[in-house]
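Counting convention: from 1, in listed order, for ligands and their atoms alike.
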Amino acid sequence: MTVSRPPMGFNTWNTFGAEISEKLIIEIADKLVELGYKDAGYEYLVIDDCWSEKERDENGCLREDRKKFPNGMKYIADYVHSKGLKFGMYTCAGVRTCAGYPGSYQHEFKDAKTFSEWEIDFLKYDFCYFPENGDCKTAYLTMSNALKTSGRDILFSACNWGYENSWDWMRTIGADMFRSTGDIFDNFISFKDIAESQMDKINSSSFGCFNDMDMLCVGMYGNGNVAVGKSCTDTDYETHFALWCMMGVPLMIGGDIRKMNEFCRNLLLNKELIRINQDAECRPPYIISKNNVHILLKFLENDEYAVGIFNMGESNDEYKNASSLIELGYPVSSTVLMSDLGFPVYSDKVFEFTDVFTNEKIICKSDSLCVNLEPHQCKVYRLKVRNK
Ligand code: GLA
């Protein structure tokens with residue numbers, strides 16, 4: 001399969017974990033269409049772990065849990081397809097999935113055949129219970145081949161959490177996207193750690209094979225399977241989503257779209273951010289980091305750019321005794337020097353910034369742009385550069 005844009009869709013894990021069923025998947029499929037997610041580009045509906053029986057059938061095949069999916073998986077696939085969506089499923093490179101269901105180790109070709117008979121379009125391939133004497137790269141290569149020769153076009157979403165520096169080789173074994181980190185949790189520190197851990201590795205993520213920084217938590221507000229502690233704020237989600245868009249990684253919704261509030265729905269449907277994420281040139285961003293502030297410059301088609309400034313620092317209250325609040329990012333006034341973005345003072349250009357959240361335009365004729373950012377806040381602009 002040739003994946004020419006970061007894949008977009010919905011995955012059950014973050015909110016529902018093992019609490020999945022035919023009824024839920026049908027409701028999600030309906031809502032993806034009704035609420036405009038499909039039109040915005042979210043096309044894959046993926047069932048994560050916990051869909052199968054605890055053991056294979058007498059022929060050694062995976063079988064769906066009929067209590068959860070009374071009409072079987074092909075029925076679900078047909079329903080999802082009838083909505084104009086694509087259908088994704090999950091298994092694991094080890095002998096068991098992370099939640100303890102049968103894994104595909106040494107069953108790769110058999111399982112790929114089952115998946116292709118069910119007419120799936122996407123397979124997430126996890127890494128739990130992998131034998132000590134197994135070879136990780138060979139295991140992912142084997143499933144990749146099993147899918148490629150299955151007779152069906154199936155996107156291969158490899159998920160080994162960055163083990164053996166997956167960013168260096170997943171493209172070579174035919175993966176279409178690869179999870180590069182451990183699991184995301186519904187809190188800002190998790191978003192920050194994941195994004196920062198990939199900033200020096202994102203370079204290999206582009207057309208054909210994308211670095212996957214895990215499913216989105218937007219809209220979870222402390223509820224669901226990967227919730228931890230206190231709820232995120234709207235600003236936290238804005239920064240989380242904007243970072244994923246600017247880094248050009250897959251956008252898989254993890255919140256419950258049936259109950260998403262308006263703020264988060266509008267955020268996930270923000271046309272400008274999606275356009276930046278889905279840009280045809282698929283260029284990973286150029287990144288300048290200082291203390292807790294990151295400036296991302298993403299080249300876009302038609303000679304445009306996107307610029308994101310992210311204050312990942314904490315609030316004053318949480319760090320009362322810190323010696324330097326600026327280092328921690330307490331409200332920063334961050335100056336983006338146009339020289340740092342490759343426009344030296346003598347370049348003699350006019351910079352037209354358009355805020356992707358407010359649509360506000362800033363015409364900048366000078367050598368720098370000053371933005372004020374609260375802790376956890378970001379600004380993202382589309383940038384056009386003109387002659388003076
Ligand atoms: C691992 C993966 C998660 C999810 C669970 C399911 O932890 O990283 O994304 O698929 O397994 O058990």
Side-chain angles (χ1 to χ4, degrees), residues 6-21 24-25 28 44-55 62 64-65 68-69 73 87-105 111 115 120-131 134 136 139-140 143 147 154-167 170 175-187 189-191 193-195 197-198 201 210-220 223-228 240 244 249-256:
M8 293 173 67
F10 170 91
N11 176 302
T12 52
W13 184 253
N14 281 4
T15 294
F16 301 102
E19 306 299 311
I20 50 177
S21 65
L24 173 75
I25 302 305
I28 298 283
Y44 289 98
L45 198 176
V46 182
I47 300 183
D48 207 278
D49 206 348
C50 310
W51 58 267
S52 79
E53 286 288 359
K54 279 279 162 99
E55 301 304 332
L62 291 174
E64 61 281 74
D65 179 340
K68 292 178 177 169
F69 300 99
M73 276 305 164
F87 182 46
M89 287 189 68
Y90 163 104
T91 181
C92 184
V95 299
R96 292 261 151 200
T97 72
C98 298
Y101 295 82
S104 292
Y105 187 69
D111 293 350
F115 289 128
I120 75 164
D121 309 292
F122 177 113
L123 183 73
K124 175 171 168 183
Y125 203 43
D126 215 340
F127 196 53
C128 283
Y129 298 103
F130 192 73
C136 169
Y140 279 84
M143 184 50 101
L147 294 176
I154 300 177
L155 187 155
F156 186 31
S157 167
C159 173
N160 82 339
W161 322 309
Y163 191 71
E164 291 196 7
N165 298 347
S166 53
W167 39 86
M170 278 296 192
D176 300 305
M177 57 192 259
F178 58 94
R179 263 280 294 287
S180 48
T181 70
D183 289 11
I184 198 163
F185 291 96
D186 181 28
N187 82 3
I189 299 299
S190 174
F191 312 153
D193 286 351
I194 286 181
S197 78
Q198 295 311 298
K201 305 179 178 78
F210 293 89
N211 186 323
D212 170 12
M213 301 198 316
D214 209 349
M215 286 88 70
L216 298 162
C217 291
V218 174
M220 293 183 65
N223 300 301
N225 190 41
V226 301
V228 274
H240 170 30
W244 266 233
V249 296
L251 301 176
M252 303 299 289
I253 298 172
D256 186 349

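Checked for salt-bridge contact, R96 and E55 meet the test: a charged N lies under 4.0 Å from a carboxylate O.
Close contacts between ligand 1 and C98 involve ligand atoms 1 (C), 11 (O), 12 (O) [criterion: under 4.0 Å to a heavy atom]. Heavy-atom proximity to A99, at under 4.0 Å, picks out these atoms of ligand 1: 12 (O). Which parts of ligand 1 touch D49 is read off a 4.0 Å heavy-atom cut-off, strictly below it: atoms 6 (C), 12 (O). Within ligand 1, the atoms closer than 4.0 Å to a non-hydrogen atom of R179 are 8 (O), 9 (O), numbered from 1 in the order shown. When each atom of ligand 1 is checked for a heavy atom of W13 under 4.0 Å away, the hits are 4 (C), 5 (C), 6 (C), 12 (O). Taking a cut-off of under 4.0 Å to the non-hydrogen atoms of W161, the atoms of ligand 1 that pass are 2 (C), 8 (O). Of all the atoms in ligand 1, the ones that sit under 4.0 Å from a non-hydrogen atom of K124 are 3 (C), 4 (C), 9 (O), 10 (O).
Remark: minimum distance from atom 3 (C) of ligand 1 to any protein heavy atom is reached at D183 OD2, 3.6 Å. Of all protein heavy atoms, the one closest to atom 4 (C) of ligand 1 is D48 OD1, 3.4 Å. For atom 11 (O) of ligand 1, the closest heavy atom belonging to the protein is D126 OD2, 2.8 Å.
Outside the 6.0 Å centre-distance limit, the rings of Y44 and F10 are not counted as a close aromatic pair. Aromatic ring centres of Y125 and Y140: separated by under 6.0 Å.
Counting only distance, with no hydrogens or angles, the side chain of K201 and the backbone of N165 share no donor-acceptor pair below 3.5 Å.
When the SG-SG distance for C98 and C92 is compared with the 2.5 Å cut-off, it comes out at or above that value.
Residue contacts with ligand 1 do not include F127, since none of its heavy atoms lies under 4.0 Å from the ligand.
When non-hydrogen atoms are compared, ligand 1 lies under 4.0 Å from neither the backbone nor the side chain of T97.
If you take CD on E19 and NZ on K68, they are separated by 7.5 Å, rounding to the nearest 0.5 Å. Rounded to the nearest 0.5 angstrom, S157 OG and F210 CZ are separated by 12.5 Å.
With sequence neighbours left out, the salt bridge (charged side-chain N to carboxylate O under 4.0 Å, His left out) criterion links D121 to R152.
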